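Start at 1 with the first residue, then count along the sequence. Indexing begins at 1, ligand by ligand and atom by atom, following the structure's order. Hydrogens, waters and symmetry mates are skipped; everything else that's a heavy atom, side chains included, is used. Small disclaimer: the values here were computed from a predicted structure and weren't measured.
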Amino acid sequence: RCLQTSVTNDQPKAPSFAFAFDIDGVLIRSSEALPRAHRTLSYLQTHRIPFILLTNGGGKSEQERVQQLSRLLDVPLDTSMFVQSHTPFAELANDHGKENLKDKCILVVGGDGDKCRRVAEGYGFNNVVTPSDIITAYPDLWPFVLLEYHRPFARPLAQKGHSNQESSGHPTLKVDAIMVFNDPRDWALDTQLVLDLLLSIGGHLGTLSTKNGDPNLPNRGYQQDGQPELYFSNPDLFWAASYHLPRLGQGGFQAALEGVFNAVTGGPKNGVQLHKKLFGKPTQGTFQFAENRLRQHRTVPQEGEAGELRSVYMVGDNPESDIRGANDYRSPTGSKWHSILVRSGVYRGGKPAYEPKVIVQDVWDAVRYGLRKEG
Ligand code: G3P
Ligand code: MG
């Protein structure tokens with residue numbers, strides 16, 4: 001657990017700084033802990049210096065991921081100081097949220113099997129379908145699919161109370177929102193399915209909107225006919241996996257989908273822009289969510305007392321997400337985020353696209369830099 005220091009007269013005050021650690025390329029690479037990650041987190045816990053893990057990874061519950069990380073890093077961790085790409089999606093499933101999707105039909109895309117469905121249901125979404133459900137119910141939706149992969153994870157759509165009466169020979173499953181929780185495994189199937197819904201009449205699968213009145217116009221009434229919103233949990237074009245070169249991430253799928261969408265609709269030159277809601281680093285919303293989580297679980301003394309959270313050192317390997325996000329983040333509470341770029345992941349040298357405060361070899365050097373700055 002990331003030790004929290006309570007603030008009483010006879011106890012040390014919470015330090016006025018904390019660390020935020022990216023995971024892939026900073027603490028681990030795929031399923032191996034990086035050399036000095038254990039030593040770094042152990043040191044911070046021993047010296048009661050708070051930290052949070054802030055990753056664009058995902059695809060499993062926070063509990064499951066934290067247990068896996070605790071084992072890999074040999075450090076006691078818990079979900080109170082852990083934010084992954086889709087953690088903020090949970091706010092879209094609560095009743096008082098402005099975008100309350102709790103009872104809406106959500107297509108959850110990405111991840112292994114139906115793990116992301118279970119994550120979504122754990123957040124409170126109670127009307128979730130997956131590509132496996134749909135391709136099993138409508139196998140001709142995409143000719144080149146391995147049905148045997150999807151069948152074990154598929155749930156009959158009818159059981160969900162979805163209106164899937166066949167009409168004009170096409171399914172009429174109505175999807176209200178599309179949420180990409182993690183990197184899709186079958187980009188082709190997921191691209192076809194998402195495209196079908198974006199060009200549908202009101203999210204009814206198997207229909208094609210010609211709202212603009214001219215079926216020959218390529219944009220076919222996109223965004224004029226109640227099509228579902230499209231959410232992405234992370235924009236990473238690349239990430240640091242076990243291969244020695246960076247691998248395409250969820251941002252790669254996004255770019256591929258956008259390329260197909262533009263080819264089909266004519267895209268911006270035809271006045272049609274793919275509309276999407278982005279979560280994950282470097283979005284400000286994710287950094288705000290992470291800072292709130294950091295503040296919640298770190299006893300913060302009254303304003304102005306020693307120990308108020310003044311600085312957060314964001315340690316990352318990806319200039320486009322970790323460094324850019326920390327550099328751009330403007331905290332409503334005035335805390336300053338300082339970006340530290342490590343060489344143990346995506347960044348391989350040269351002038352980074354977004355300038356960090358400092359470039360160091362690895363996470364241990366990053367913490368030593370932060371501690372030196374704090375004196
Ligand atoms: O899917 C994981 C990847 O996008 C990056 O994860 O931990 O480097 O933010 P992380
Ligand atoms: Mg990373």
Atom NZ of residue position K60 - does it have more than 12 heavy atoms of other residues, nucleotides or ligands inside 6.0 Å? yes
Proximity of V346 to ligand 1 by residue part, where a heavy atom lies under 4.0 Å: neither
Should the pair F19 and F21 be assigned to parallel (<30°), tilted (30 to 60°) or perpendicular (>60°) ring geometry? parallel
S331 pairs by side chain to side chain donor-acceptor pair (under 3.5 Å) with which of R310, E291, R295? E291
Give me the nearest non-hydrogen protein atom to atom 6 (O) of ligand 1 as residue plus atom name, then the distance to 0.1 Å. D24 OD2, 3.2 Å
Hey, which atoms in ligand 1 end up nearer than 4.0 Å to a heavy atom of I23? 7 (O)
So, Y222 versus F261, ring centres under 6.0 angstrom or not? yes
Would D22 count as a contact residue for ligand 1, given that I'm defining contact as a non-hydrogen atom of the residue lying under 4.0 Å from a ligand atom? yes
Answer key: the N, O or S atom of D22 nearest to the Mg ion (ligand 2) is OD2
N, O or S from D24 under 2.8 Å to the Mg ion (ligand 2): yes
At a 4.0 Å cut-off, with the gap strictly under it, does some heavy atom of G57 reach an atom of ligand 1? yes
Any N/O pair N234/ligand 1 closer than 3.5 Å: yes
Nearest heavy-atom pair of T79 and Q63: which atoms, and what distance? CG2-OE1, 3.5 Å
Do E62 and Y123 get their side chains close enough for a donor-acceptor pair, meaning under 3.5 Å? yes
Ligand-side contact atoms (ligand 1) for residue partner T55, heavy atom cut-off under 4.0 Å: 6 (O), 7 (O), 9 (O), 10 (P)
Within-shell test, Q250 vs ligand 1, heavy atom, strictly < 4.0 Å: no
Examine F232 together with F279 and report whether their ring centres are nearer than 6.0 Å. no
Subset of ligand 1 atoms that lie under 4.0 Å from at least one heavy atom of K281: 9 (O)
Where on D236 is there a heavy atom closer than 4.0 Å to ligand 1, on the side chain, on the backbone, on both, or on neither? side chain
Compute the centroid of each ring, for W364 and then for Y43, and state whether the two points are separated by less than 6.0 Å. yes
Just to confirm my output: which protein heavy-atom neighbour is closest to atom 3 (C) of ligand 1, and how far is it? W239 CB, 3.4 Å
Is any N, O or S atom of D317 under 2.8 Å away from the Mg ion (ligand 2)? yes
Indicate whether any N or O donor in one side chain lies under 3.5 Å from an N or O acceptor in the other, for S85 and N234. no
